[in-house]
Amino acid sequence: MHLSRRRLLYGSAGVAAVSVAGCSAGEESAQLTGFTGISMPMTFSERWVIEGEYLQDHLEGLGYRVLLEYADNDPEIQVEQIQAMVDAGVEFLIIAAVDNRSLGSVLAEAKDKGVTIIAYDRLILDTPDVDYYVSFDNYEVGVLQAKHIISRLGLEEDDDAGPFNVELFSGSLDDSNSEYFFLGGLDTLERYTYEGRINIVSQDTEQARTATQGWDGAVAEKRMTKLLEDHYGDEPLHAVLSPYDGISRGIVDALAEADYRPGSDDFPIITGQDAEAASVKDIRDETGQTQTVFKDTRSLADVAISMVTAIMDGDSPEVNDLGTYNNGFKFVPAFLLEPVSVDRSNWEEVLIDSGYLAEETVDEAEG
Ligand code: BGC
């Protein structure tokens, strides 16, 4: 394992909330109407649908005009949609990028027109034109996933536990979050791989070899099937580090197809992210993955909305991190929230009691 947290350019990020001047803040705000373009990546990952609607409802509730588009996971479609928003005269753009490097020219045009650009959840790279970044501590997401594996394998309590066989999956390479998730997981498992108590049997430890293009569960299912065929004829597989629930369900399908029985003692521990209803059902009923990472997207949307309203009020948006997220041009002023690990012990309290998911939604979910 050669990758390290340092590669992520972690700086001396302060945690205290601070304000930095927004490009459109100040005197100009008098002319602003709050017209906002929301550009979301796709609809097959549940969270973007929930957030798109939440952002739209709340911004419209404040009396602002809103354009909301989903890009069908296609970078070119997203550029076209953002271009149409800029042409329509939006003053704010809230963007969760499909491909973090494909937006430079449309954002340059938006910036020329004085649009405030907020990178939503996913950092936008290689452009000076991003004003703010709102997200979760993405490295910590990977840490929480790895800690679930470590805890469920009993590696911490018992120095003699192991060796265990583990495989690693990561997200789409065009999403800069993927690297943060992956390194958080890898760094946390490193002590045990070094001690020989965790074996990555396939030896696929490079991000590129573990990546899942488009965050597509079917792509992950295929890779898992191949890994089982190539390396797990007689070897047991004990755990899979998976970055996202849709990928986790693809992995579960591959395992079930290979006669692993979800819920049985020898079914691997499998992580996830996003608390999608179908995955929460699997966690609850022990029919698939064993963990997910919950990121309260209502809070994330609220932060983005508060940035818009701050600028509308002539104030500077609040940020709490100035030194972690370098997009190739600058450290983008960011507001980061904390992710929460969810398993069978706390899913109800964290997801149902908080009103994030209705129990019926979980009951009715299909994987
Ligand atoms: C998000 C995750 C999500 C993934 C797939 C990432 O950028 O941070 O929450 O699971 O995209 O949609």
Side-chain angles (χ1 to χ4, degrees), residues 1-5 141-173 178-179 181-213 215-273 282 286 288-292 343:
M1 317 251 155
H2 308 295
L3 297 171
S4 116
R5 181 175 186 161
V141 169
V143 171
L144 294 176
Q145 290 162 342
K147 280 187 171 167
H148 173 76
I149 291 177
I150 291 164
S151 138
R152 287 289 301 270
L153 294 177
L155 284 160
E156 220 164 26
E157 303 91 77
D158 179 357
D159 286 344
D160 295 326
F164 294 109
N165 297 331
V166 177
E167 291 298 333
L168 311 173
F169 281 71
S170 60
S172 199
L173 284 174
S178 298
E179 185 179 21
F181 300 150
F182 188 60
L183 290 191
L186 209 59
D187 289 352
T188 309
L189 295 176
E190 190 170 31
R191 177 185 142 198
Y192 301 99
T193 48
Y194 179 76
E195 291 173 356
R197 297 166 69 205
I198 284 185
N199 290 325
I200 317 291
V201 177
S202 68
Q203 296 189 25
D204 286 352
T205 56
E206 297 293 321
Q207 189 192 350
R209 292 186 65 90
T210 62
T212 311
Q213 181 53 36
W215 295 95
D216 185 347
V219 172
E221 179 176 352
K222 230 169 143 186
R223 176 165 175 256
M224 187 73 248
T225 299
K226 181 96 174 60
L227 288 172
L228 291 172
E229 283 168 7
D230 290 354
H231 304 286
Y232 291 92
D234 296 321
E235 286 285 316
L237 171 64
H238 297 107
V240 183
L241 181 82
S242 164
Y244 155 59
D245 289 349
I247 290 178
S248 315
R249 294 197 299 276
I251 293 167
V252 168
D253 288 347
L255 288 162
E257 191 62 32
D259 284 341
Y260 282 78
R261 278 183 306 111
S264 63
D265 286 345
D266 51 10
F267 196 76
I269 292 148
I270 302 171
T271 63
Q273 173 175 201
D282 279 343
E286 297 186 305
Q289 75 193 73
T290 47
Q291 185 255 12
T292 188
D343 61 15

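In this view, Y232 satisfies the ring pair (Phe, Tyr, Trp, His ring centres under 6.0 Å) rule with no residue, not counting sequence neighbours. Residues satisfying the side chain to side chain contact (heavy atoms under 4.5 Å, CB included) criterion with T212, sequence neighbours excluded, are F169, V219, A220, I247. Partners of N165 by side chain to side chain donor-acceptor pair (under 3.5 Å), not counting sequence neighbours, listed by chain and number: E235. Taking the side chain to side chain donor-acceptor pair (under 3.5 Å) definition, one finds that K226 meets it with D230, sequence neighbours left out. Taking the side chain to side chain donor-acceptor pair (under 3.5 Å) definition, one finds that Q273 meets it with K295, sequence neighbours left out. D216 pairs by the salt bridge (charged side-chain N to carboxylate O under 4.0 Å, His left out) definition with nothing, not counting sequence neighbours. Annotation: ring pair (Phe, Tyr, Trp, His ring centres under 6.0 Å) contacts of H238 (sequence neighbours excluded): F164. E286 meets the side chain to side chain contact (heavy atoms under 4.5 Å, CB included) test with R344; sequence neighbours excluded.
Nearest heavy-atom pair across A146 and L241 is N-CD1, 3.9 Å. Minimum interatomic distance between A161 and G154 (heavy atoms only, all atoms of both residues): CB-O, 3.6 Å. Taking all atoms of both residues into account, the shortest heavy-atom contact from P262 to G288 is CB-N, 4.0 Å. Across all non-hydrogen atoms, the minimal contact from Q289 to S248 is OE1-CB, 3.2 Å. When every heavy atom of L168 is checked against every heavy atom of D204, the shortest pair comes out as CD1-O, 3.8 Å. For the residue pair Q145 and T271, the shortest heavy atom distance occurs at O-CG2, 3.3 Å.
Note that OH of Y244 is 15.0 Å distant from OG of S170, once rounded to the nearest 0.5 Å. From T188, atom OG1 reaches atom CG of L183 across 10.0 Å, with rounding to the nearest 0.5 Å. If you take CG on L186 and CD on Q207, they are separated by 9.5 Å, rounding to the nearest 0.5 Å. Distance check, rounded to the nearest 0.5 Å: CD1 of I200 to OH of Y192 gives 13.5 Å. Taking CG from L227 and NZ from K222, the interatomic distance works out to 13.0 Å, rounded to the nearest 0.5 Å. Taking CG from L228 and OG from S202, the interatomic distance works out to 11.0 Å, rounded to the nearest 0.5 Å.
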* Asked: Between E195 and L155, is a side chain to side chain contact (heavy atoms under 4.5 Å, CB included) present by the stated rule, with each step listed?
  -> CA-CA 11 Å; E195 291 173 356; L155 284 160; over 6 Å; no
* Asked: Can R191 and Y194 be said to form a side chain to side chain contact (heavy atoms under 4.5 Å, CB included), step by step?
  -> CA-CA 5 Å; R191 177 185 142 198; Y194 179 76; 5.7 Å; no
* To do: I would like to know whether I270 and D282 meet side chain to side chain contact (heavy atoms under 4.5 Å, CB included); could you show each step before the answer?
  => CA-CA 11 Å; I270 302 171; D282 279 343; over 6 Å; no
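Between I269 and the choices L237, V240, L153, the side chain to side chain contact (heavy atoms under 4.5 Å, CB included) rule is met once, by L153.
Screening residues 159-169 for salt bridge (charged side-chain N to carboxylate O under 4.0 Å, His left out) gives no qualifying pairs among residues at least two apart or on separate chains. The list of salt bridge (charged side-chain N to carboxylate O under 4.0 Å, His left out) pairs with a residue in residues 247-259, not counting sequence neighbours, reads R249-E276. Applying the side-chain hydrogen bond (donor to acceptor under 3.5 Å, both in side chains) test to pairs two or more places apart or on separate chains, those with a residue in residues 261-270 are S264-D266. Counting only residues at least two apart or on different chains, the side-chain hydrogen bond (donor to acceptor under 3.5 Å, both in side chains) pairs with a member in residues 147-157 are H148-T290.
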